[in-house]
Q: 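Structure in structure tokens, see below.
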Amino acid sequence: MELSVGEKAPDFELTTLGAEGPELVKLSDQLAGGNTVLLFVPMAFTGVCTEEFCSVTNELSEYEGLNARVLGISGDNPFAQQNWKEKEGIGLTLLSDYEHG
């Protein structure tokens, strides 16, 4: 699905790994809290994807200055994402499209 600039993304729910285990994150709930940037990559532990997420992690204060939250989405399960996040120091909230991919 392709969206035009300024067009609202359709609502969806994806899984993240929270402190108590897997939990659902709904896009509409994120949008209610301010601007939301969705950053998609195909898979964890790949060079380009890791480089991109680490780069954005280093620039998070700039996004926060624009009242924007960055959500990273990949086709990995949330446990693999958590391992990737810890290993590489990724500071984004990661959402799994594993069940939907």
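Numbers here are sequence positions counted from 1. All heavy atoms count here, side chains included; hydrogens, waters and symmetry mates do not. Here the structure is a predicted model, which is why all the values come from computation and not from measurement.
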Q: Step by step, work out the side-chain contact (heavy atoms from CB on, under 4.5 Å) result for V70 and F53.
A: CA-CA 10 Å; V70 181; F53 275 22; over 6 Å; no
Q: What distance separates F45 CZ from N83 CG, expressed to the nearest 0.5 Å?
A: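 CG of N83 is found 4.0 Å from CZ of F45.
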Q: Which pairs pass side-chain hydrogen bond (donor to acceptor under 3.5 Å, both in side chains) with one or both residues in residues 38-66, sequence neighbours excluded?
A: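 Pairs touching residues 38-66 that pass the test: T50-W84.
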Q: side-chain contact (heavy atoms from CB on, under 4.5 Å) between T15 and L95: does it pass, once the steps are laid out?
A: CA-CA 5 Å; T15 306; L95 304 179; over 6 Å; no
Q: Tell me whether L71 is reachable from V56 by hopping between hydrophobic residues (I, L, V, M, F, W, Y) whose side-chain heavy atoms are closer than 4.5 Å.
A: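 V56 does not cluster with L71.
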Q: Roughly how far, to the nearest 0.5 Å, is the OG atom of S74 from the CG atom of L94?
A: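 Reported value, rounded in 0.5 Å steps: 6.5 Å.
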Q: Between atom CG of L17 and atom CG of N77, what is the distance when rounded to the nearest 0.5 Å?
A: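 One gets 9.0 Å once the value is rounded to the nearest 0.5 Å.
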Q: With rounding to the nearest 0.5 angstrom, report the CG to OH distance, D76 to Y98.
A: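 D76 CG to Y98 OH: 9.5 Å, rounded to 0.5 Å.
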Q: Quick check: do R69 and N35 have side-chain heavy atoms less than 4.5 Å from each other?
A: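 The answer is no; the side chains never approach within 4.5 Å.
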Q: As an exercise, state the distance from CD of Q81 to CE of M43, rounded to the nearest 0.5 Å.
A: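 Rounded to the nearest 0.5 Å, the CD-CE separation comes to 9.5 Å.
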Q: I'd like to know if V25 and I73 are part of one continuous hydrophobic network [Ile/Leu/Val/Met/Phe/Trp/Tyr, side-chain heavy atoms within less than 4.5 Å].
A: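 Linked, I73 and V25 end up in one cluster.
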Q: Taking all non-hydrogen atoms of both residues into account, name the closest pair between I90 and C54 and its distance.
A: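 Closest approach of I90 to C54: CG1-SG, 4.1 Å.
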Q: When clusters are formed by joining ILVMFWY residues with side-chain heavy atoms under 4.5 Å apart, either directly or through shared neighbours, do F40 and L92 land in the same one?
A: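 Hydrophobic grouping puts F40 apart from L92.
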Q: Measure the CG-CD distance between L24 and E13 for me, rounded to the nearest 0.5 Å.
A: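 Atom-to-atom, L24:CG and E13:CD are 5.0 Å apart.
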Q: Restricting to pairs with a member in residues 36-50, which pass salt bridge (charged side-chain N to carboxylate O under 4.0 Å, His left out), not counting sequence neighbours?
A: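 Sorted result for residues 36-50: empty, none.
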Q: Tell me, please, which residues at least two apart from D11 pass side chain to side chain contact (heavy atoms under 4.5 Å, CB included).
A: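 If we apply the side chain to side chain contact (heavy atoms under 4.5 Å, CB included) test to D11, skipping adjacent residues, the hits are K26, L27, S28.
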Q: Honestly curious: do L60 and V37 fall in one hydrophobic cluster under the side-chain, below-4.5 Å linking rule?
A: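 Yes, it is one cluster - the side chains of L60 and V37 are joined through contacts under 4.5 Å.
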